[in-house]
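Below: one structure, written as structure tokens.
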Number of protein chains: 2
Amino acid sequence: MASPLDIQDDTLTERQQAVLDAVLALMVEQGGELTMNAVARRASCSKESLYKWFGDREGLLTATVRWQASKVRAGNYDRTRLDALALRDSLIRFAVNWLGVISSPTSIALNRVAIAQSGGGARTPGEGASLGAIMLANGRFAIGARLKPVLDAGREAGLIVFDDTETAFRSFIGLVGRDVQIRLLLGDTLNLTPAEIESDAARATDQFLTLYGTGNPLPERSKINA
Amino acid sequence: MASPLDIQDDTLTERQQAVLDAVLALMVEQGGELTMNAVARRASCSKESLYKWFGDREGLLTATVRWQASKVRAGNYDRTRLDALALRDSLIRFAVNWLGVISSPTSIALNRVAIAQSGGGARTPGEGASLGAIMLANGRFAIGARLKPVLDAGREAGLIVFDDTETAFRSFIGLVGRDVQIRLLLGDTLNLTPAEIESDAARATDQFLTLYGTGNPLPERSKINA
DNA sequence: CGAGAACCGTAACGTACGGTACGGACCTCT
DNA sequence: AGAGGTCCGTACCGTACGTTACGGTTCTCG
């Protein structure tokens, strides 16, 4: 998984970035059914330019995924002054951010396209990686790489305990995300308000700390079983 | 959500069922790119019969989803003799079954098709419900309706405590499923062995009981933080 | 000012696919 | 045996879409 899926040269003209934004907007408001004609019309550019810049349709999609990924990357979560409260705060902020991302129309549309294309079975040998792999590298795995240092720091500080960071991380995102992503992808209108996201993030974090905490000052039990 | 999405008349000829099984096989081994020609060839039937039996392409897909759903429906989980061990056992059995379903190639392929089609934005007014809605009704919500009585019985027996059954249920499936489904849908080759499924189910169940249990005989803590 | 490049809008081409029509084989019932 | 129905295999039609080609316009640079 050390392939260069998560890096990009960012050699993109302003114009090209505008085109990719148009693709994103089109994906969001019109679903995965995305034609080159529609993109050209929406972006007010010629199809010739589209093919000149991105090669073919798959190249355009790939560039769009990478472009969105480059916009989502948020700052790391600091692990200075790690007491129980700071850890809880970091986890909650992470959960809020992640829930906001996966429930955003852009993320949903992009995942839809990647999933639809990811089923194309027999991939020709020379062909580049599927969109699904790019989504995983920039989404799920990038997220993990960002949060795991926080968990490790929490363990070193004696606030939480676990054997495998990966397992702990997966339990956390399970508690945070639950069935949100699959339901949204299947078209469930599950509009999460910012307040719900905030409370879900806090509930999941407290549940996680109940499971993996060492018993340092934690919120009382009644708030967990919402 | 009381729409007749989860019932079907099952007025299907043996021949038609064979056709739908061919569709499923084709979806699994060839991904979502499914053409009527390929189905006819694979099922050794004429396209004319396809259209006669299922109306159009969407009808064929819908019938396929319903057909698969009708095959997956498992028996209810008995809630007789409910002590802590029996509850734990029921939850583990449920988790094993569900993990097996969502990680099966058939389920993945079907979800892929439903998700791809579910993005088709502007649905014509007269048109039937999307495949995504059918998948949700027969998958996620049917599962919930099947497990919630178990949870409620556990609560009535004083073994677990929660305010909202739905919230407790969602926490449970979050702990069980974690990121498995989205990763598989995006093409991650995450081949779960039966042994892993079994241990994941036990871990998730014990975590759930740690969060929602009332303190009755539960497995010791060390086994939870695997 | 003039040559060249970049780009927009549109037209054209080839293919793939959803949907329909037709001929022939088999099976059933009388 | 013959009529009617069901179904398979194949050919066919219309359209949509990816991709390419071309004329016209604007911008850049000498």
Side-chain angles (χ1 to χ4, degrees), chain A residues 11-23 25-27 29-65 109 112-114 116-117 119-124 126-128 130-131, chain B residues 11-23 25-27 29-65 112-114 116-124 126-128 130-131:
Chain A
T11 56
L12 288 174
T13 317
E14 292 284 340
R15 187 79 186 87
Q16 294 169 353
Q17 294 179 4
V19 169
L20 297 184
D21 281 329
V23 174
L26 218 49
M27 279 181 178
E29 71 195 37
Q30 211 193 9
E33 302 167 6
L34 174 83
T35 72
M36 300 298 275
N37 254 322
V39 171
R41 229 179 306 124
R42 173 61 168 256
S44 293
C45 77
S46 73
K47 288 204 281 182
E48 193 176 23
S49 302
L50 251 40
Y51 284 97
K52 180 176 180 179
W53 291 332
F54 305 105
D56 57 358
R57 186 172 184 274
E58 168 137 356
L60 177 64
L61 262 43
T62 305
T64 303
V65 171
R112 243 195 272 267
V113 173
Q117 188 255 217
R123 195 162 306 288
T124 41
E127 191 177 347
S130 68
L131 294 182
Chain B
T11 55
L12 289 176
T13 317
E14 292 284 340
R15 187 78 186 90
Q16 293 168 353
Q17 294 179 6
V19 168
L20 296 184
D21 280 329
V23 173
L26 218 48
M27 280 182 178
E29 72 193 38
Q30 213 194 7
E33 302 167 6
L34 174 85
T35 72
M36 300 298 277
N37 256 322
V39 171
R41 229 178 307 123
R42 173 62 168 256
S44 293
C45 76
S46 72
K47 285 206 288 180
E48 192 175 22
S49 302
L50 252 39
Y51 285 99
K52 180 176 182 181
W53 292 332
F54 305 105
D56 58 359
R57 187 172 184 273
E58 168 138 356
L60 176 64
L61 261 43
T62 306
T64 304
V65 171
R112 244 195 271 269
V113 173
Q117 188 255 217
S118 172
R123 196 162 304 290
T124 41
E127 190 176 345
S130 69
L131 293 182

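Here is the naming used below: chain letters follow the sequence lines, and residue numbers restart at 1 for every chain.
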Next item on the list: Kindly determine whether Glu58(B) and Gln117(B) satisfy side chain to side chain contact (heavy atoms under 4.5 Å, CB included), including the steps that lead there.
Entry: CA-CA 9 Å; Glu58(B) 168 138 356; Gln117(B) 188 255 217; 3.5 Å; yes
Check: How many Å lie between CG on Asp56(A) and P on dT20(D), as a whole number?
Finding: 9 Å
Checklist line | Between P of dT20(C) and CZ of Phe54(B), the distance in whole Å | finding: 16 Å
Checklist line | Residue met sooner reading DNA chain D from 5', once Arg15(B) and Ser46(A) are mapped to nucleotides | finding: Arg15(B)
Item checked: Presence of Trp53(A) side-chain N/O under 4.0 Å of dC7(C) phosphate oxygens OP1/OP2 -> yes
Check: How long is the line joining CE of Met36(A) and P of dA16(D), in whole Å?
Finding: 18 Å
Item checked: Side chain of Arg57(A) - closest among dC8(C), dT19(D), dC17(C) -> dT19(D)
Next item on the list: Just do the side chain to side chain contact (heavy atoms under 4.5 Å, CB included) check on Arg42(A) and Gln30(A) with the steps written out, would you?
Entry: CA-CA 12 Å; Arg42(A) 173 61 168 256; Gln30(A) 211 193 9; over 6 Å; no
Next item on the list: Can you figure out which of dA12(C), dC8(C), dA11(D) approaches the side chain of Lys47(B) most closely?
Entry: dA11(D)
Next item on the list: Round to the nearest Å and state the distance from Glu33(B) atom CD to dC17(D) atom P.
Entry: 16 Å
Notebook entry, point to check: For Ser49(B) and dC8(D), is the shortest distance between a side-chain N/O and OP1 or OP2 below 4.0 Å?
Noted result: yes
Item checked: Contact nearer the 5' end of DNA chain D, comparing Glu48(A) with Leu34(A) -> Leu34(A)
Next item on the list: Could you walk me through whether Val113(A) and Thr64(A) pass side chain to side chain contact (heavy atoms under 4.5 Å, CB included), step by step?
Entry: CA-CA 11 Å; Val113(A) 173; Thr64(A) 303; over 6 Å; no
Margin query: Measuring from atom OG of Ser44(B) to atom CZ of Arg15(B), what distance do you get when rounded to the nearest 0.5 angstrom?
Written below: 7.0 Å
Next item on the list: Among dG18(D), dC8(C), dG19(C), find the nucleotide with the atom closest to the side chain of Tyr51(A).
Entry: dG18(D)
Next item on the list: Can you tell me the distance, in whole Å, between the CG atom of Leu61(A) and the C1' atom of dG18(D)?
Entry: 13 Å
Margin query: Rounding to an integer number of Å, can you tell me how far Gln16(B) CD sits from dT6(D) P?
Written below: 12 Å
Notebook entry, point to check: From Leu20(B) CG over to Leu26(B) CG, what is the distance, rounded to the nearest 0.5 angstrom?
Noted result: 12.5 Å
Check: Between dT6(D), dC8(C), dG19(C), which nucleotide gets closest to the side-chain atoms of Lys52(B)?
Finding: dT6(D)
Check: Just how far, in rounded Å, is P of dT15(C) from CG of Asn37(B)?
Finding: 16 Å
